Protein chains: 2
Amino acid sequence: MSSRSPKQVLFAQFAAVAKAAAHPLRLAILEQLAQGPRSVEVLADRTGVAVANVSQHLQHMRRAGLTTARREGKYVFYSLADEAVLDLLATLRRVAERNLAEVERVVRDYFEKRDDLAPVSRAELMRRLKDREVVLLDVRPEDEFALGHLPGALNLPLAALQKRLGALPRDREIVAYCRGPYCVLSYEAVAALRVRGFKVRRLEDGYPEWRAAGLPVEGAAAS
Amino acid sequence: MSSRSPKQVLFAQFAAVAKAAAHPLRLAILEQLAQGPRSVEVLADRTGVAVANVSQHLQHMRRAGLTTARREGKYVFYSLADEAVLDLLATLRRVAERNLAEVERVVRDYFEKRDDLAPVSRAELMRRLKDREVVLLDVRPEDEFALGHLPGALNLPLAALQKRLGALPRDREIVAYCRGPYCVLSYEAVAALRVRGFKVRRLEDGYPEWRAAGLPVEGAAAS
DNA sequence: TTATCATTCAATATAATTATTGAATATCGC
DNA sequence: GCGATATTCAATAATTATATTGAATGATAA
């Protein structure tokens, strides 16, 4: 049966791509994969979900062309298939931001409450880093930092922030970043630091976008 | 129950956007809406699907921020919510093109068989139109043409093409377009005209992209 | 008002998706 | 080989999506 027209075949394929992105957990997995390749186990740990479940979602996304997998010893490392997948995530965000009242509400009530200042652009950051005007702060967990981070960044995971305030300068501005837009870590960090009198702003989007832009990185991903 | 974190709320919303695009019929509806506002009845006719079914899909997409609706007399006209929705469709296409073997196969076996020449860019078209070097051919159905088309375009729907070959010049190049990338109409037209000795190429993408780029249009949409 | 038409709603049956569980497979170190 | 570990597979139950049908609503025109 079913000699579907080529147009129908293509639409079915495009729909399969959308479907692969159409689950909150899968988006959380993709956010992790945007940082770099990760094993199934690590992804399960990060998302707080059973391994078998994560494995199934990863395979679903692989069939739809969102992820790729390579085995390395006992581990299978999944990655984003493409920079285009990052674009897809960004586009989903943008459509939701513009047209869904619920998103606007959360952004206003949660994110803007923590940081209502305009974020620092990548261009501005690079310029001011060169002149040593700012200190760059990565608030992701240590292991994520180790796998790749912006050059010269200082790693103070959100959990450790309170105890290690001494590591941060009070005379220079701090620029904080984490996994990307709407990553809560940098927002929480900015809010926490600002009430303690630090001069701090967020970087517009995070590590994945920096790397996708072809800018240099340090850590395991640099090789 | 469920005091979900703001991050989870956002991911759920982003997933809802993806889900709204994750159905072949809904993509076909969105392709129609990309041409301009359409009533439920027209969309049902165009897609060959029951009115109630189309209505449900439209409402699904409206809840997810992909479409908007306005009532005008007896009719309800749906539109794309945003130019960002066009970007979403383009991104889905791009991810599928790059990473799904089935898409590559269809493009090769069907589309490239009909037109393996590089398409004409918008910039090139504008330049050559000004010098009257080319004739612009819209192969969409008459009613779609009436609702909006590129300035100066000649409308010869694919069905009528065979009988009205006399309307086309043999000394100038013809540039054909229709609803967008992978719209079969322009591919079929190019293939049909080329075997008859016409010099013809396709425009890269179609009417919606032209309009989204802010370029002038003629017809009902021009007002 | 009534007749008519476009759209939506509500109910239903079918199909697809998802999380969970436990077993199977693959790889490594010994 | 064996045991340990990472991943996948297979089966299941619960949930969610979908197409269909017929009735209800909203708007127009006579």
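These figures come from a predicted structure and were not determined experimentally. Chain identifiers are assigned alphabetically (A, B, ...) following the order of the sequence lines, protein sequences preceding nucleic acid strands; residue numbering begins at 1 within each chain. The figures that follow rest on heavy atoms only: side chains count, while hydrogens, waters and symmetry mates do not.
- For the pair A/L25 and B/V51, nearest-nucleotide mapping onto DNA chain C gives the more 5' position to B/V51.
- Phosphate contact (OP1/OP2 of C/dA6, side-chain N/O of B/Y78, threshold under 4.0 Å): absent.
- Checked against side chain to side chain donor-acceptor pair (under 3.5 Å), A/Q59 has the following partners two or more places apart in sequence or in another chain: A/S55.
- Atom CD of B/E142 is surrounded by 12 or fewer heavy atoms from other residues, nucleotides or ligands within 6.0 Å.
- Distance CZ (B/R63) to P (C/dT8): 11 Å, rounded to an integer number of Å.
- Summarising the local packing, CD of A/E104 is surrounded by 12 or fewer heavy atoms from other residues, nucleotides or ligands at distances under 6.0 Å.
- Listed by chain and residue number, B/L193, B/R196, B/F198 satisfy the side chain to side chain contact (heavy atoms under 4.5 Å, CB included) test with B/L165 (two or more places apart in sequence, or in another chain).
- Position along DNA chain D of the nearest nucleotide to A/V76 versus B/R26 favours A/V76 as the more 5'-ward residue.
- Relative ring orientation between A/Y75 and A/F77 is described as tilted, the plane-to-plane angle lying within the 30° to 60° band.
- Within a heavy-atom distance below 4.0 Å of DNA chain D, the residues of residues 39-46 of chain A found are A/S39, A/V40, A/E41.
- Rotation axes derived from the C1' atoms of the five outermost pairs at either end of the helix from C/dT1-D/dA30 to C/dC30-D/dG1 lie 30° apart, to the nearest 10°.
- Of the side-chain N and O atoms in B/Y75, none sit less than 4.0 angstrom from OP1 or OP2 of C/dT8.
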Checklist outcome for this item: With B for base contact, S for sugar-phosphate-only contact and - for none (protein heavy atoms under 4.0 Å), nucleotides 22-30 of chain D reads -----SS--
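- Atoms CZ (A/R70) and P (D/dT8) sit 13 Å apart, rounded to a whole Å.
- Heavy-atom distances under 4.0 Å link DNA chain D to B/N53, B/Q56, B/H57, B/H60 of residues 53-61 of chain B, given in residue order.
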Next on the checklist: Between B/V200 and B/V175, does the side chain to side chain contact (heavy atoms under 4.5 Å, CB included) criterion hold? Intermediate values first, please.
Outcome noted: CA-CA 6 Å; B/V200 53; B/V175 174; over 6 Å; no
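- Remark: A/T47 engages A/L25, A/A28, A/I29, A/V49, A/V54 in a side chain to side chain contact (heavy atoms under 4.5 Å, CB included) (not counting sequence neighbours).
- Judged by distance alone, with hydrogens and angles left aside, the side-chain atoms of A/H149 form a donor-acceptor pair with the main-chain N or O of A/F145 at under 3.5 Å.
- In this structure, A/R179 is not positioned above the aromatic face of A/Y207 in the sense of NZ or CZ being under 6.0 Å from the six-membered ring centre and within 45° of the axis.
- Every salt bridge (charged side-chain N to carboxylate O under 4.0 Å, His left out) that B/E31 has, sequence neighbours left out, goes to A/K7.
- Shown for residues 10-23 of chain B: residues whose heavy atoms fall under 4.0 angstrom of DNA chain D, namely B/K19, B/H23.
- Applying the ring-ring contact (aromatic ring centres under 6.0 Å, His included) test to pairs two or more places apart or on separate chains, those with a residue in residues 17-52 of chain A are A/H23-A/H57.
- No contact: A/F77 has no heavy atom under 4.0 Å from any strand.
- Partners of A/D87 according to the side chain to side chain donor-acceptor pair (under 3.5 Å) rule, which considers only residues two or more places apart in sequence or in another chain, are B/R94.
- Cation-pi contact between B/R114 and B/Y110: present, with separation from the ring centre below 6.0 Å and deviation from the ring axis of at most 45°.
- No side-chain donor-acceptor contact under 3.5 Å links A/S186 to the backbone of A/A176.
- Partners of A/Y182 by side chain to side chain donor-acceptor pair (under 3.5 Å), not counting sequence neighbours, listed by chain and number: A/E97.
- Remark: A/R38 is not positioned above the aromatic ring of A/Y78, lacking an NZ or CZ atom under 6.0 angstrom from the ring centre and at most 45 degrees off the axis.
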